[in-house]
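Ligands are counted one by one from 1 in listed order, and the atoms in each one are counted from 1 as well. All values below were derived from every heavy atom in this structure, side-chain atoms included, with hydrogens, water molecules and symmetry-related copies excluded.
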Amino acid sequence: MSQCRVCGRSVELVLDLGSQPLSDVFPPEPPAAGQEFFYRLQLGRCAGCATVQLLEEVPRERMFGEHYPYRSSGSSVMRTHFSDWAKHLLGTELAGKPDPFVVELGCNDGVMLGTIAEAGVRHLGVEPSGGIARTAEERGVRVLTAYFEKETAAAIAAEDGPADVIYAANTLCHIPYIGSVLDGVSELLTDDGIFVFEDPYLGDVVAATSFDQIYDEHYFLFSATTVAELARRHGLALVDVERLAVHGGEVRYTLAREGKRPASPAVAELVAEEAERRLHDPATLAAFADSVRHNARELIALLTRLREDGHTIAAYGATAKSATVTNFCGIGPELVTTVYDTTPEKQGRVTPGTHIPVSPASAFDAPYPDYALLFAWNHAAEIMARETEFRERGGRWITYVPDVRVL
Ligand code: SAH
Ligand code: TYD
Ligand code: ZN
């Protein structure tokens, strides 16, 4: 039994996704048996505060380091999302302040801070993955190559002074030592500053059975109810929530010091909605786990039948998420021959655990497969808009979110 990283009570098992490899480590060739790191992927719910979280923590150095391959700028929709957000900050929170300071946790390749840097605003990205941190620096972003936690925050406060805005996208949910991060935020934030973070929303994961949002890096699946409790424990308050369509459904949470900003009605509304749908009830989460197992069985049945009928199947998007699907379902090169992806750091390598070769997306048409399993379903609109010829030539997309379907 593991202990909740928010309140210390026991975390009860919701869904067991079995033995899994690191989702973002793509070996150069199929490794010999025993050469790949595996951990047990189990999702649980805290009996005390209801926060949904993993039971096993993978050491952070195994996930985030020099060779971490994820590139935030790989999606044009995400590039727009982050530059829009940076412009919004420049026009609101940062406007009119004499010398504002912005800190971003997990700035990756500088997809958001690039715009802040261009505007000449004082900023710092905290990014432990060295390779990608240098890419951010090359575009003019100031980066501290470190894991953000209490000690890092104290060092930044000592050197640069307090931050008006602390921001984290798809990063806070990656950090099991969340108490230390919130203490650090509390230490670094100006008296009336805001901490804004956006992460996959538990409510959307449950509604769409998007179980591939569960993997080593996604330690928490947040909701308004549980984030409000997390904030309260650190002298902060949840003052705004905004639902986002990106990455299959996220929420952008805004925290401020307790008593410093009035809460928007959206907070109470989302908390009430979560209570009404019994989002955190063990029964709701047990039903979600049943749906996951059902969809996984359907997916294997579909792929097996198509292969038996002589069709070729490839996949699109070597996502970290898809490691959960392929390893849980047992989908290897005998079912899916190739995964096409635009990330140079993943190409010429094989997928974690299941060892499907990854090829450049530009080779998708040489020749087109009969079916393409859309691992990057969260980027469906962007990918389908570009790969129109695949459909015109008779190719069919397969998705498994919200259910298994040939499109
Ligand atoms: N913000 C980007 C990147 C998300 S990927 C986006 O939304 O696309 C998560 C990032 O968090 C990775 O670049 C990883 O290296 C970084 N990360 C992991 N642990 C961290 C920590 N403790 N502090 C800061 N960044 C961290
Ligand atoms: P993403 O779903 O953003 O994240 P995660 O790895 O955390 O699940 O990953 C998208 C992957 O899909 C990434 O490896 C880049 C790739 N990709 C393409 O190959 N083509 C595209 O048009 C887009 C948008 C992404
Ligand atoms: Zn708890």
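The aromatic rings of Phe390 and Trp397 sit perpendicular to each other, their planes meeting at more than 60°, with 30° as the lower class boundary. Taking the six-membered ring where the residue is Trp, Phe64 and His174 present tilted rings, their angle falling between 30° and 60°.
A salt bridge links Arg243 with Asp204: at least one charged nitrogen is closer than 4.0 Å to a carboxylate oxygen. The residues Arg62 and Glu36 are annotated as not salt-bridged, no charged nitrogen and carboxylate oxygen being separated by less than 4.0 angstrom.
Every atom of ligand 2 with a heavy atom of Lys321 under 4.0 Å away is listed here by number and element: 1 (P), 2 (O), 4 (O), 5 (P), 8 (O). Of all the atoms in ligand 2, the ones that sit under 4.0 Å from a non-hydrogen atom of Thr343 are 13 (C), 14 (O), 15 (C). Counting atoms of ligand 2 from 1 in the listed order, those under 4.0 Å from a heavy atom of Gly317 are 12 (O). Atoms of ligand 2 lying under 4.0 Å from at least one heavy atom of Ser75, given by number and element, are 24 (C). Taking every heavy atom of Ile383 and a limit of under 4.0 angstrom, the matching atoms of ligand 2 come to 21 (C), 22 (O). Contact atoms of ligand 2 toward Asn378: 1 (P), 2 (O), 3 (O) (distance under 4.0 Å to a heavy atom of the residue). The contact set between ligand 2 and Glu382, taken as ligand atoms under 4.0 Å from a residue heavy atom, comprises 24 (C). Per-residue contacts place Lys346 under 4.0 angstrom from the following atoms of ligand 2 (heavy atoms of the residue considered): 13 (C), 14 (O).
Proximity of a side-chain donor or acceptor of Thr326 to a complementary backbone N or O of Ser322 within less than 3.5 Å is detected. Remark: side-chain polar atoms of Arg9 are not paired, donor with acceptor, to backbone N or O of Cys4 under 3.5 angstrom. The main-chain N or O of Asp341 is found under 3.5 Å from a side-chain atom of Gln347 such that the two form a donor-acceptor pair. In this structure, the side chain of Glu149 does not engage the main chain of Glu151 through any donor-acceptor pair within 3.5 Å. With Arg349 contributing its side chain and Pro357 its backbone, the two residues share no donor-acceptor pair below 3.5 Å. A donor-acceptor pair under 3.5 Å is absent between the side-chain atoms of His218 and the main chain of Cys173, judged by distance alone. Between the Asn108 side chain and the Ser72 main chain, a donor and an acceptor come within less than 3.5 Å of each other.
Protein N/O/S atoms closer to the Zn ion (ligand 3) than 2.8 Å number 4 in this structure.
Summarising the contacts of atom 14 (O) of ligand 2 with Asp24, Asp341, Asn170, the nearest heavy atom is found in Asp341. In this structure, of Met78, Arg71, Arg79, Arg386, the residue bringing a heavy atom nearest to atom 21 (C) of ligand 2 is Arg386. Here atom 23 (C) of ligand 2 lies nearest to Gly74 when heavy atoms of Ala376, Ser72, Pro360, Gly74 are compared.
Within the 4.5 Å cutoff, the side chain of Tyr68 has no heavy atoms near those of the Met63 side chain. Two residues are said to be in side-chain contact when any heavy atoms from C-beta on lie closer than 4.5 Å; His280 and Glu274 meet this criterion. When side chains are defined from C-beta on, Ile166 counts as touching Leu189, because their heavy atoms get closer than 4.5 Å.
Checked against the 6.0 Å centroid criterion, the rings of Tyr340 and Tyr316 do not qualify as a close aromatic pair. Residues Phe197 and Tyr167 keep their aromatic ring centres 6.0 Å or farther apart.
Considering backbone and side-chain atoms together, Thr319 places no N or O closer than 3.5 Å to any N or O of ligand 2. Where the criterion is an N or O separation shorter than 3.5 Å, residue side chain and backbone included, Tyr340 fails it with respect to ligand 2.
A cation-pi arrangement is not found for Arg393 relative to Tyr368, the charged atom failing to lie both closer than 6.0 Å to the ring centre and inside a 45° cone about the ring normal.
Only side-chain heavy atoms of His247 come within less than 4.0 Å of ligand 2; its backbone N, CA, C and O stay farther off. Contacts with ligand 2 closer than 4.0 Å are made by heavy atoms of both the backbone and the side chain of Ala320.
For the side-chain contact (heavy atoms from CB on, under 4.5 Å) criterion with Pro200, the lone passing option out of His247, Gln213, Lys321 is Gln213.
The shortest contact between atom 4 (O) of ligand 2 and any protein heavy atom is with Tyr70 CE1, 3.4 Å. The protein heavy-atom contact nearest to atom 19 (O) of ligand 2 is Thr342 N, 3.0 Å.
Residue contact annotation: Tyr215 has a non-hydrogen atom under 4.0 Å from ligand 2.
Residue-level contacts of ligand 1 at the 4.0 Å heavy-atom threshold are Phe64, Tyr68, Tyr70, Ser72, Phe82, Glu104, Gly106, Asn108, Val126, Glu127, Pro128, Ser129, Tyr147, Phe148, Ala169, Asn170, Thr171, His174, Ile175, Tyr177.
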